[in-house]
Amino acid sequence: ATTIKQGEEGDNFYILERGIADGFKDDGGAMHKALQVGPGGSFGELALMYGQTRQATGKATSDWKWWAIDRKTYRHILLDTMARKRKTYESFLERGPILEALSSYERASVAEALRERSFSSGEVIIRRGRAR
């Protein structure tokens, strides 16, 4: 069964509970598999986040069960989560003496740019003399 079709307006975000779904892209008449989603996987977020049409066609390749979240609810959850994370980051940045001279606007801009990353005990984080 086809759940979403490339080129259509996005109305839902989907989370797969069971089964497998494949995403196919039509690049000028030639269909090719772009992704495969299994239980716990999700699809449909790009059209909701960016107001674009669907970028692929989603089809079930086995019996499946999925859950759908409508556009309004998805955007509310996403924006709420982003706002809470930004506040947490801003609070963290306020405590850093090197950043105390920044205005609240500048701290908010830095908070927007932060990306969280976790490391295992003993893992090298920075190596002297290397860019990465």
Side-chain angles (χ1 to χ4, degrees):
T2 300
T3 303
I4 62 174
K5 290 185 180 162
Q6 185 174 341
E8 290 183 343
E9 183 180 336
D11 55 352
N12 288 307
F13 169 68
Y14 299 95
I15 304 165
L16 214 56
E17 181 177 324
R18 69 169 183 264
I20 302 215
D22 288 335
F24 296 92
K25 284 191 87 138
D26 180 351
D27 290 328
M31 293 288 278
H32 70 275
K33 186 160 85 169
L35 75 136
Q36 186 171 71
V37 179
S42 59
F43 58 95
E45 72 281 1
L46 294 177
L48 300 182
M49 288 170 48
Y50 301 111
Q52 299 175 339
T53 58
R54 298 287 189 192
Q55 299 299 303
T57 296
K59 296 182 179 185
T61 57
S62 67
D63 289 342
W64 65 341
K65 180 177 181 181
W66 49 261
W67 297 85
I69 300 174
D70 67 86
R71 176 191 301 270
K72 184 177 177 183
T73 303
Y74 180 80
R75 290 186 64 83
H76 177 74
I77 291 168
L78 186 66
L79 292 173
D80 185 54
T81 300
M82 288 170 55
R84 276 189 276 127
K85 201 173 241 189
R86 186 177 55 247
K87 279 206 177 292
T88 300
Y89 289 166
E90 285 178 36
S91 173
F92 167 73
L93 292 171
E94 284 175 347
R95 295 189 307 250
I98 197 166
L99 301 174
E100 66 188 358
L102 295 179
S103 70
S104 59
Y105 174 78
E106 291 167 327
R107 259 194 310 280
S109 295
V110 171
E112 287 282 330
L114 288 178
R115 298 295 170 256
E116 192 171 315
R117 180 128 186 244
S118 299
F119 295 90
S120 301
S121 178
E123 185 178 352
V124 175
I125 299 171
I126 299 172
R127 191 174 306 275
R128 186 177 177 179
R130 285 199 161 163
R132 226 156 126 83

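On a predicted model such as this, the values are computed, not experimentally measured, just so you know.
- Note on Tyr74 and Ile15: same hydrophobic cluster, where clusters join Ile, Leu, Val, Met, Phe, Trp and Tyr whose side-chain heavy atoms are under 4.5 Å apart, directly or indirectly.
- Considering only heavy atoms from C-beta on, Ile20 stays 4.5 Å or farther from Trp64 through its side chain.
- In this structure, a donor-acceptor pair under 3.5 Å is absent between the side chains of Glu112 and Tyr89.
- Closest of all the heavy-atom pairs between Glu94 and Arg107 is CG-NE, 3.3 Å.
- Residues Asp11 and Arg54 approach most closely at N-NH2, 3.3 Å, considering heavy atoms.
- The aromatic rings of Trp66 and Tyr14 lie perpendicular to each other, with more than 60° between the two planes, well past the 30° mark.
- Nearest heavy atom pair, residue Ala47 against residue Gly10, reads CB-CA, 3.8 Å.
- A pairwise comparison of heavy atoms in Lys25 and Gln55 identifies CE-O, 3.3 Å as the closest pair.
- When all heavy atoms are compared, the tightest approach of Phe13 to Gly44 is CD1-C, 4.3 Å.
- Rounded to the nearest 0.5 Å, atoms CD (Glu106) and CG (Leu99) are 10.0 Å apart.
- Side-chain contact annotation: Gln36 with Asp22, donor-acceptor N/O pair under 3.5 Å present.
- Expressed to the nearest 0.5 Å, how far CZ of Phe24 lies from NZ of Lys5 amounts to 14.5 Å.
- In the displayed structure, Asp63 atom CG is contacted under 6.0 Å by at most 12 heavy atoms of other residues, nucleotides or ligands.
- A continuous path of Ile, Leu, Val, Met, Phe, Trp and Tyr side chains, each step under 4.5 Å between heavy atoms, connects Ile4 with Leu35, placing both in one hydrophobic cluster.
- We find the CD-CG distance between Glu90 and Leu114 to be 10.0 Å, quoted to the nearest 0.5 Å.
- Contact record, Arg18 with Pro39: CA-CG, 4.1 Å, taken as the closest heavy-atom pair.
- Within the 3.5 Å criterion, the main-chain N or O of Lys87 finds no donor-acceptor partner in the side chain of Ser91.
- Cluster annotation: Ile98 and Phe92 are assigned to the same hydrophobic cluster (Ile/Leu/Val/Met/Phe/Trp/Tyr, side-chain heavy-atom contacts under 4.5 Å, transitive).
- Note that CG of Leu48 and OG1 of Thr73 are 10.5 Å apart. Values are rounded to the nearest 0.5 Å.
- The same ILVMFWY cluster, assembled from side-chain heavy atoms under 4.5 Å apart, contains both Leu102 and Leu93.
- One finds the OG1 atom of Thr61 at 7.0 Å from the NZ atom of Lys33 (value rounded to the nearest 0.5 Å).
- In this structure, Glu8 CD and Thr57 OG1 are separated by 8.0 Å, a value rounded to the nearest 0.5 Å.
- Ion pair Arg71/Glu9 flagged as a salt bridge, since at least one NZ, NE, NH1 or NH2 atom sits closer than 4.0 Å to an Asp/Glu carboxylate oxygen.
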- Message: For Lys85 and Thr81: C-alpha separation, side-chain torsions, deciding distance, then whether side chain to side chain contact (heavy atoms under 4.5 Å, CB included) applies.
- Response: CA-CA 6 Å; Lys85 201 173 241 189; Thr81 300; 5.5 Å; no

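- Hydrophobic clustering (ILVMFWY, side-chain heavy atoms < 4.5 Å, transitive): Leu79 and Ile69 are in distinct clusters.
- Using a 4.0 Å cut-off between charged nitrogen and carboxylate oxygen, Arg75 and Asp70 do not count as a salt-bridge pair.
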